[in-house]
Amino acid sequence: MNVEELNVDEKIGNVKDVLSEAQKKRGVLIHAFQSIQKEHNYLPEDVLNSLSKKLNIPLSEVYSTASFYKHFYFKPRGRNVVCVCVGTACHVRGASKVLEKIEESFGIKEGETTADMAMTLETVGCVGCCGLAPVVTVNEEVVGDLNPKKVDEVITMVEEK
Ligand code: FES
């Protein structure tokens, strides 16, 4: 039998209904997460609790679905997000020094947010601009070819936002 002859719907029978129900739930959840995160900048615990009750989906499933996706956050994030690339090209060209300097300047470690909520500091594996290494992103903006002077400029840019 070749692939074209397979009737997938017939083969999976009732499983199809179960799958489509699960897919619907997942689709609703993801849409809800996007709206919640747009409003709060992260997924607050009390809002996820309410969502769980409203949709009659166990809280564990709500969390498990949200945590599957890297772009949903469970902790408040700063108004600005600085992301230091620590991928191979950036690592080789001094990413750890860049990270250290930004950590020292803002008094936070990677993964933390300043107390005034001005900035969250993160790291990433590669942002796809290896030719500009070392690279950081400030919100949507990519800043590459970093040297100590440019790192100071990035720090000033964030402080002024
Ligand atoms: S490793 Fe940093 S941009 Fe690719």
Side-chain angles (χ1 to χ4, degrees), residues 3 19-20 22-52 55 57-161:
V3 178
L19 285 177
S20 76
Q23 285 167 336
K24 271 189 235 161
K25 275 186 175 183
R26 201 173 183 93
V28 168
L29 278 177
I30 291 164
H31 196 71
F33 296 153
Q34 287 169 333
S35 299
I36 295 165
Q37 191 158 287
K38 191 174 178 188
E39 188 177 337
H40 299 274
N41 213 14
Y42 77 111
L43 302 177
E45 190 180 335
D46 59 334
V47 178
L48 291 184
N49 245 316
S50 303
L51 181 68
S52 161
L55 296 177
I57 298 173
L59 190 57
S60 59
E61 192 177 330
V62 169
Y63 272 98
S64 130
T65 304
S67 60
F68 181 80
Y69 300 94
K70 197 177 180 325
H71 64 277
F72 292 126
Y73 304 97
F74 300 99
K75 289 195 300 191
R77 302 177 87 219
R79 293 184 296 281
N80 298 289
V81 177
V82 174
C83 195
V84 178
C85 179
V86 293
T88 306
C90 290
H91 173 74
V92 169
R93 302 202 63 192
S96 58
K97 286 199 170 116
V98 171
L99 180 61
E100 234 171 68
K101 183 160 187 176
I102 296 174
E103 284 178 337
E104 280 171 18
S105 296
F106 289 95
I108 57 172
K109 292 283 181 197
E110 183 250 326
E112 295 179 345
T113 299
T114 55
D116 62 359
M117 301 303 287
M119 195 266 277
T120 295
L121 180 60
E122 297 177 341
T123 57
V124 65
C126 178
V127 292
C129 306
C130 305
L132 299 175
V135 168
V136 301
T137 59
V138 180
N139 303 320
E140 307 299 315
E141 190 179 337
V142 174
V143 185
D145 283 327
L146 287 170
N147 53 38
K149 189 172 172 242
K150 270 183 126 176
V151 174
D152 286 339
E153 286 171 15
V154 167
I155 290 166
T156 305
M157 183 194 312
V158 174
E159 285 170 341
E160 289 172 352
K161 283 192 177 191

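When a ligand or atom number is given, it counts from 1 through the structure's own listing order. Excluded from the calculations below are hydrogen atoms, water molecules and symmetry mates; all remaining heavy atoms, backbone and side chain alike, are included.
- Gln34 pairs by the side-chain hydrogen bond (donor to acceptor under 3.5 Å, both in side chains) definition with nothing, not counting sequence neighbours.
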Side-chain atoms of residues 124-148: list all donor-acceptor pairs with protein atoms under 3.5 Å, sequence neighbours left out, distances to 0.1 Å.
{"unit_1": "Asn139", "atom_1": "OD1", "unit_2": "Val81", "atom_2": "N", "d": "2.8"}
{"unit_1": "Asn139", "atom_1": "ND2", "unit_2": "Asn80", "atom_2": "OD1", "d": "2.9"}
{"unit_1": "Asn147", "atom_1": "OD1", "unit_2": "Lys149", "atom_2": "N", "d": "3.1"}
{"unit_1": "Asn147", "atom_1": "OD1", "unit_2": "Lys150", "atom_2": "N", "d": "2.7"}

Working for side chain to side chain contact (heavy atoms under 4.5 Å, CB included), residues Phe33 and Leu51:
CA-CA 9 Å; Phe33 296 153; Leu51 181 68; 3.8 Å; yes
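- The number of heavy-atom neighbours closer than 6.0 Å to CZ of Phe68, taken from other residues, nucleotides and ligands shown, is 12 or below.
- For atom 2 (Fe) of ligand 1, protein N, O or S atoms closer than 2.8 Å were enumerated as Cys85 SG, Cys90 SG, with waters left out.
- Residues passing the side-chain hydrogen bond (donor to acceptor under 3.5 Å, both in side chains) test with Asp46: none are found, sequence neighbours excluded.
- More than 12 heavy atoms of other shown residues, nucleotides or ligands fall within 6.0 angstrom of atom NE2 in His40.
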